[in-house]
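Input: a single structure, listed below in structure tokens.
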Amino acid sequence: MASSSAIRPAPGTLKAAVWQHFGFYEVEGKLDKTYTVITKSIGKFIAMDLRPYSVVENEGFREMVHTLEPRYKIPCRRYFTDTAIPTLYAKTKSKVLDTLTNAGRVAITCDAWTSIATVSYVTVTAHFINNDWQLVSLVLQTRAMYESHTGANVADLLKKVASEWHLNDNDLVLVTDNASNMVVAAKLGGFVHVKCYAHTLNLARQRALKLPALSKLLAKIRRIVSFFHRSTVGAHQLEEKQKLLGLPCHKLITDVSTRWNSAYEMVRKGEAELCTLTETDVSNAEDVVKALKPMKDATTLISEESSPTACLIAPLQAQLCQETRIIDDSRESSIIREIKQAINEDLRKRYNSDLERSTLRSASALDPRFKGLPFLSNEDIEETFGRVVAEAASLEPQVRVEGEENHEENPSPPKRRSPSSLLENLLGNTFAGATAPQTISAYTKAEEEVNKFCGTPPIPLSEDPLSWWRTNEIMYPLLSKLGKRYFCIPATSVSAERVFSTAGDIVTAQRSTLTAEHVDQLLFLHKNLHIA
């Protein structure tokens, strides 16, 4: 559409409701009779609702559109495939690029998945804090990767992502799972690397689930769950028994090692119904649920996408390590102690690099809920805030004291009398330089802000830290800038993995011939059309 296009009311002779609502596009003084608005709307419908391109050829859809506007002729499927959707993609991508240009530090998540057509894709998402202190999440791309997923190849891919989307790759934070190729990619790319905490918790959980006693119990439960999945009669009877006993009507699920909390949910939902288990088995199942619940709750908490989560990792890690510490408590069963020991040993191996640990502690220190850092020693607290001061000071080389703005607004000094004036003769030595602009170092300014920040009480855990910073940004100009650099970092790669679920609705058995380019465009539009 030409840039000079404008919308004007429909002529009075056209009474169709759709035109009365949208009006006509006017291009170079003439009415656009190509029905651009409707065509564009259908393109959005395909992307937003994940509809196949062939929907425009479905009889029911064509009849509905004909009812709305009989004169409109729906373009063929090829038009939407080759023109409408690519045009919408290009326009939305341009707006995403503009948004990223105005962003400060950007964190990206990266993960890989394989479609039903056996094509390997890598999804990259971006996250940043905007000027209104809102956490913005965008899907940048979902591209097919035909090369081996080595660390070097993934690093090259991420470098291309940074270049294509105009990101400063020297300041990027990369959030991925704990896979060795991702660790190598972050190192080769020179990215600050934060490992997905949900994946970390799942690794610790899987270690506990491999305990001999627990493995036998899970095997029994899996066999019973499999029976109800195979038997329609059994599934119906289970539903009737749930209603009779006043239990929630839910289907039993089978655990999957890569699906977070699936073993917990399998045992939790099954312990009340699986009457073929022995009394000891049921007791052990209850203990398993009790022991794994903190891990499940932590995973749910950090999977939130509308609020900052990197600041949660350090306190949660310390809390879980403390709760799973082995103590001599006769009230705990042996299976609970074994689960706790396995989880504790695995968690203590994580986040031990200096860069990763300092990144997570700084994020927590800047969160007004956790700034007391009670989970750290006094020495570690002092070191953390010392690092915060130094980093905040580096964001602004020099800060002038209040009052200097007046001198900048009036750069020409006021005319004054000759040095021989009586006033200067009498008081010149006393007031010499009293009105001269003074400067303080950025480090001193940052130190003052940190002292003031630490001197106020923490806010309740239920409050939103971004809302607090939006209100108090003017009081802490340096710390607020630093806060945006840390609050944009997600604790997990959930945003990339959630794209996989959406992709499963696009690349189905009936649509397995979709090209990689079309998959990328549809996923991008589905996640980002809200900014178009």
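FYI, side chains are in, hydrogens and waters are out, and symmetry mates aren't considered; it's all heavy atoms of this structure.
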For Pro460, enumerate each residue passing the side-chain contact (heavy atoms from CB on, under 4.5 Å) test, keeping only those at least two apart in sequence or located in another chain.
-> Ser462, Glu463
Contacts of His149 that satisfy side-chain contact (heavy atoms from CB on, under 4.5 Å) - sequence neighbours left out = Ala112, Ser120, Val122, Met145, Asn181
Calculate, to the nearest 0.5 Å, the distance between atoms CD1 and CZ belonging to Ile129 and Arg485 respectively.
-> 12.5 Å
Applying ring pair (Phe, Tyr, Trp, His ring centres under 6.0 Å), can you list everything that pairs with [X], at least two apart in sequence or on another chain?
X      : result
Tyr197 : Tyr351
Phe375 : none
Phe61  : Phe45

Take His127 and Ser495 through the side-chain hydrogen bond (donor to acceptor under 3.5 Å, both in side chains) test and state the conclusion after the steps.
-> CA-CA 10 Å; His127 311 265; Ser495 55; 3.1 Å; yes
Should we say atom CG of Asp49 is surrounded by more than 12 heavy atoms from elsewhere, each under 6.0 Å from it?
-> yes
Could you tell me if [Y] and [X] have a donor-acceptor pair between their side chains, going purely by distance under 3.5 Å?
X      : Y      : answer
Ser364 : Tyr486 : no
Ser493 : His199 : no
Thr125 : Lys527 : no

Determine, using ring centers only, whether His66 and Tyr72 are less than 6.0 Å apart.
-> no
Validation row, ring centre Phe453 to ring centre Trp469 under 6.0 Å | yes
Is any side-chain N of the basic residue among Arg143 and Glu517 closer than 4.0 Å to the acidic one's carboxylate O?
-> no
Can Arg498 and Glu305 be counted as an ion pair, charged N to O under 4.0 angstrom?
-> yes
Treating [X] as the side-chain partner and [Y] as the backbone partner, does any N or O pair qualify as donor plus acceptor under 3.5 Å?
X      : Y      : answer
Thr324 : Leu320 : yes
Glu356 : Lys195 : yes
Asp346 : Ile343 : no

Apply the test side-chain hydrogen bond (donor to acceptor under 3.5 Å, both in side chains) to residues Glu304 and Ser306: give CA-CA distance (whole Å), side-chain angles for both, the deciding distance (0.1 Å), then the verdict.
-> CA-CA 6 Å; Glu304 175 63 43; Ser306 61; 2.3 Å; yes
Show the atom names and distances, to 0.1 Å, of all donor-acceptor pairs under 3.5 Å that link a side chain in residues 233-241 to residues at least two apart or in another chain.
none

